[in-house]
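All of these numbers come straight from a predicted model, not from anything done at the bench.
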Amino acid sequence: MKYDHKQIEPKWQKVWEDRGVFHAEENSDKEKFYALIEFPYPSGQGLHVGHPRPYTALDTVARKRRLQGYNVLYPIGWDAFGLPTENYAIKNHIHPEIVTKQNVARFKSQIQSLGISFDWSREINTTDPEYYKWTQWIFLQLFKHGLAYKKEMAVNWCTSCKCVLANEEVVNGTCERCGSEVVRKVKSQWMLKITEYADRLIEDLDLVDYPERVKAQQKNWIGKSTGAEVDFTTTTGDKLTIYTTRPDTLYGATYMVISPEHPMIEKWAGIIENMDEVKDYQAQAARKSDFERTEVAKDKTGVRLVGVEAVNPVNGKNIPIFISDYVLVSYGTGAIMAVPAHDTRDWEFAKKFDLPIIEVVKGGDVEKEAFTDCATGIMVNSGILDGLSVEEAKKKIVEFLTEKGIGHEKVNFKLRDWVFSRQRYWGEPIPIVYCEKCGYVPLDESELPLKLPEVESYEPTDNGESPLANITDWVETTCPHCGGKAHRETDTMPQWAGSSWYFLRYMDPHNDKALASKEAIEYWSPVDWYNGGMEHTTLHLLYSRFWHKFLYDIGVVTTKEPYAKRTSHGMILGEDGGKMSKSRGNVVNPDEVVDEYGADTMRMYEMFIGDFEKAAPWKTSSIKGCRRFIERYWNLQNILIDGDEIRPELESAFHRTIKKVGDDIENLKFNTAIAALMALINDIAAVGSINKKELSIFSILLNPFAPHVTEEMNQQCALGSDIIAAQKWPEYDESKCVEATVEIAVQVNGKIKAKINVPAECDEETALNTAKADESVSKFIDGMSIVKEIYVKGKLINIVVKPMK
RNA sequence: GCUGGUGUGGUGGAAUAGGCAGACACAAGGGACUUAAAAUCCCUCGGACUAAUAAUCCGUACCGGUUCAAGUCCGGUCACCAGCACCA
C-alpha cells in the first residue's frame, strides 16, 4: 500500500481529539511534567516555518514523557493584545476583536494540521475578559502593595505609533516595532517598581537551569555595580554627592562633571558667571534624543561652570566643575568625580579641555591612555592609600569616608522602573479611577474585569491621549472611595502584561474565583521546561520573573521562580540565509510543506535541520531526505515477519537506539536522535526483515517525531493492543547496548595502522597480543623497543615504540 | 569597548568524559531499471601523491603548548554571530 499522508494525518488528529489523549489529568497521582512554549502573537500573516520549530521540539519531549507515564501539561494560547492588530483594525475599519478572532482561527488550524499534542481544552487568550480580569487583578495587588505608581517623566515616544515605549522597546533610537523615530516626551505614566526586585532577580538565577548566555543577559540588563557615594563640598558651601565604582582613585580626581539636568545648576544660577553658555548647552542636550546622547565614539563636549568650584575631600584641593552630557541624570547621583588617569571617558574629556591628569595607580602610561586595570596596579600619590593594591585601597578608602561621614558604600543598578502605560486601545484597561478628593483609587475587585468599551475609532489622538479618553460615558464614573465624581484611567497596559503570568492560568484556565486554584498551582509549579526565542530572554523573562516573585511574596504562588529550566531555539532562516521576512520574499509557509510532504515529514525536517539552539537556513531540497525516511519506514511492513522478541542480530542496535533516542530528546539533540533512527533502519534493511516486536519498538521510538504515520502503522500491522499514545516507552538494557565483538583501532606512536576485531570484554593482554599479531602492526614494532602500551576497552590500542639502541 | 557564544567536506551537521574526524542527511557524479522522465535501488564522494577502493603524507580558522593520544584541554591571534554599551 502506498503511503498517503493526506489520508492518514487528519484521521489520527481526529482520533486524538475524540479520545482527549493529550488532556492533562486533574487530581492525578502521576508525576507531573509541565512543558511550555511561548504562546504566539496571532498575526495576520499566519505561521511561517519558524513557528513550529519550538512547538515540535517540546511536542517531542511531551509525547515521550506521556509514554513514560508522566502527567503532562503542554498548553497553548494567544498573546493577542498589541499594536499590529490594532493598526490593522484602524486601516481596515474592523474591530480588533474580530481581527484577533480571524487570526487565531487561522493560527489554530495551521498548528493543528501539524499534529502538535497541545491540550486544547486549556486554550487561553489574553484579550478574553475572563483572562484579563486576572491581569487587572494582579495590577491591583501591585498597586495596593505600593509597586505601581504614577510619575511625571520623560518617556520614549514613538512618533508613528503615537505611543509610549518602555526603554526595552527602543532599539537604536527607533521603535522596536515600526522602526520610526523615538523622541522624549514628558507624560504622567504608570510605573512598576521592578527595581525593588533587582537584587533577587540576579540572585535567584542560581536557582534555575538557564543557559549561561541567558543568565548573562539578565544580569547584564539589571546591571548591578558596587561602588561608593562620596560627598564633595563646593566653594558655595553646598554639598555635591557623586557615585563612583573606583573610590580608590579619589586622590586622582582633578575635576568634576555633573549632568546638564542636575538640579544644582538652577540653584547656582546667580553665581555661575557664564550662565548663558550653560543654558545654551542645556538646551542643546535637551533637544537630543537619548540615542544621540549616548552614541559612542562621539566627541566629548561640555561647559565649565565659571564661579563655582568643588573641593576634593581627601586632599582639600579646589577642582573645576563641568556640565557634560556624558553624565546621565538618571544613573547614580547625576554627578561624577573625574579621574582622567584611570577612566577612558574622563581621559578623553581631560585631553580635550586640557585638564591635569594625575596618576594614582601605577602600571600604565597615563599620558598616552587611561590605565583602567584593577588587578595589577599599586596605589601612588594617594596619601593613606600609597602602596596598597586597588582592592585593598577600595576597602580602606570606603572605611575612611564612612568614618568621616562623607561617604559610604553604594550599590547601583542600570535597571529602571518599568513604564507600564500605553496610550492605545487594544490592551487591558488599567483598573484605576482618579478622584479629585481621593487621588488614584483602585477599582473594587468585584468590578473586574473592567472591559474595554466599544469605540468608533481606535486612532490614537495627536495629543498623546489614549483613544479611550474620547469615550465620555466610560471615562466619567464615581469614586469607589468617596462616591464623588471621578474619571477612569484611560491608558492601557503594555503587551508584556498578559504574558507575564499566562503559564499560571494554564494550570486552571476556567477558574472564576482566582487566577488559578491553590491546589493546581501547587501541583503544577514550576514550569519544568520553558522553551522560547532568544529575543525574549531579557524582557519577557525579566518581567514575568518579577511578577512571579511578587505573587510569591503575597502568597499566591508557591515557588520563587516560575521556570525551572529555560532553553532557546535558533531561528529558521530563509533559503538565502537571511531572516525570513515578507520584504525579502523568502518566507516559507508550512501549509504548503504539509500539503506536499505531510505533517510528519515537516516535523521530522524541523527537528533534523540542525542544532536546535542554532539558527539554520531552510532548504527545500533537504526535506526530501526526511520524506524518504518516512517512506522507508512505511515500507517496512513489506518485510514484516512474525516474532515477539528482538532477534539477536538486531539486539544491540535496538538497545543502543532506545537509549540514544531517549537521551537525545531530553538533551535537545533531536537531530542526532533522528540520525540514530535512520541508522537503525539501515541496519534493519541490511538484515532484510523486521519482526512485529521490532517494528513495534521502532514505531514507538519514532512516534514523538512522526506521530501520524506511526499510529497508522501500529494499527495496520496490529502491533499493539491500543493506539501508540496509550502505550509505553520501551526500556533498554545497558548490558545489551554493546555488541559481542567490536572493532578497535590499533595505533603505533599515535598513528592508526590497523583495525582488529576482538570481544567487547576482551582483556588487555589478549587485545595487545591480537594487535601485535597483525601484520600491518608487527612490521612497525618488530625490532623496536616498546615504551608504553595503552588499551582503551572497546575503542583503541596505542603502542608507543622507539628504535632499539 | 564589555559579556556570552561560534569557527569541522560542495551544503546542513555528527563526534558521551582527551581515544578511529566527517555519523546521519542534502547536493553532485557514475551505474541499474524505464521507450523516456520521475520515483526507486546500487556504487563513489575532505585534500595531495597514485593505475589503485595498495602504501604514505596533509587536514577540524591561525600560531604555540600539555599528552602515548587534541576538533575536544591550556596560552595567544584572527574572523563571525548575539546581547549590552559614555551606567562613572
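For the residue pair Asn531(A)/Arg53(A), the side-chain donor-acceptor check at 3.5 Å is not satisfied. Checking Gln217(A) against Thr538(A) by side-chain atom types alone, no donor-acceptor pair falls below 3.5 Å. For Thr620(A) and Glu575(A), the side-chain atoms include at least one donor-acceptor pair closer than 3.5 Å. At a cut-off of 3.5 Å, with distance as the only test, no side-chain donor of Tyr255(A) or Asn312(A) sits close to an acceptor on the other residue. Side chains of Ser330(A) and Arg416(A): a donor-acceptor N/O pair is present below 3.5 angstrom, by distance only.
Residue Glu743(A) is classed as a base contact, given a heavy-atom separation below 4.0 Å to a base. Backbone-only engagement by Asp611(A) is indicated by non-hydrogen atom pairs under 4.0 Å involving sugar-phosphate atoms exclusively. Contacts of Gln747(A) with the nucleic acid, taken as non-hydrogen atoms under 4.0 Å apart, include base atoms.
Put simply, Arg213(A) has no side-chain N or O that comes within less than 4.0 Å of OP1 or OP2 on rG83(B). Distances shorter than 4.0 Å separate some side-chain N or O of Arg628(A) from OP1 or OP2 on rC26(B). For rA88(B), one of the phosphate oxygens OP1 or OP2 lies less than 4.0 angstrom from a side-chain nitrogen or oxygen of Tyr331(A). Distances shown here put every side-chain N or O of Ser324(A) at or beyond 4.0 Å from the OP1 or OP2 atom of rC86(B). Dashed line: the shortest gap from a side-chain N or O of Lys795(A) to OP1 or OP2 of rG19(B) is not under 4.0 Å. At rA23(B), none of the side-chain N or O atoms of Asn671(A) fall inside 4.0 Å of OP1 or OP2 (strictly under the cut-off). Residue Lys751(A) places at least one side-chain N or O under 4.0 Å from the OP1 or OP2 atom of rC58(B).
What separates CG of Asn749(A) from P of rA69(B) is a distance of 9 Å, to the nearest Å. The CE atom of Met678(A) sits 14 Å away from the P atom of rA14(B) (whole-angstrom rounding).
Counting only heavy atoms from C-beta outward, the side chains of Leu541(A) and Tyr543(A) never approach each other to under 4.5 Å.
Not a single donor-acceptor pair, N or O on each side, falls under 3.5 Å between the base of rC84(B) and the side chain of Asn220(A).
A cation-pi contact, defined as under 6.0 Å to the ring centre and within 45° of the axis, is absent between Lys239(A) and Phe232(A).
Between rG18(B) and rG71(B), the two P atoms lie 13 Å apart (nearest whole Å). Distance check on atom C1': rG46(B) versus rC41(B) gives 27 Å, rounded to whole Å.
For rG9(B), the glycosidic angle deviates from 0 by 90° or less, giving a syn base.
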Only Watson-Crick and G-U wobble pairs with both distances less than 3.5 Å should count. Give RNA chain B in dot-bracket notation, marking inter-strand partners with |. (((((((..(((......[....))).(((((.......))))).(((.......)))..(((((..]....))))))))))))....
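Ranking rG19(B), rA88(B), rG83(B) by closeness to the Ile336(A) side chain, first place goes to rA88(B).
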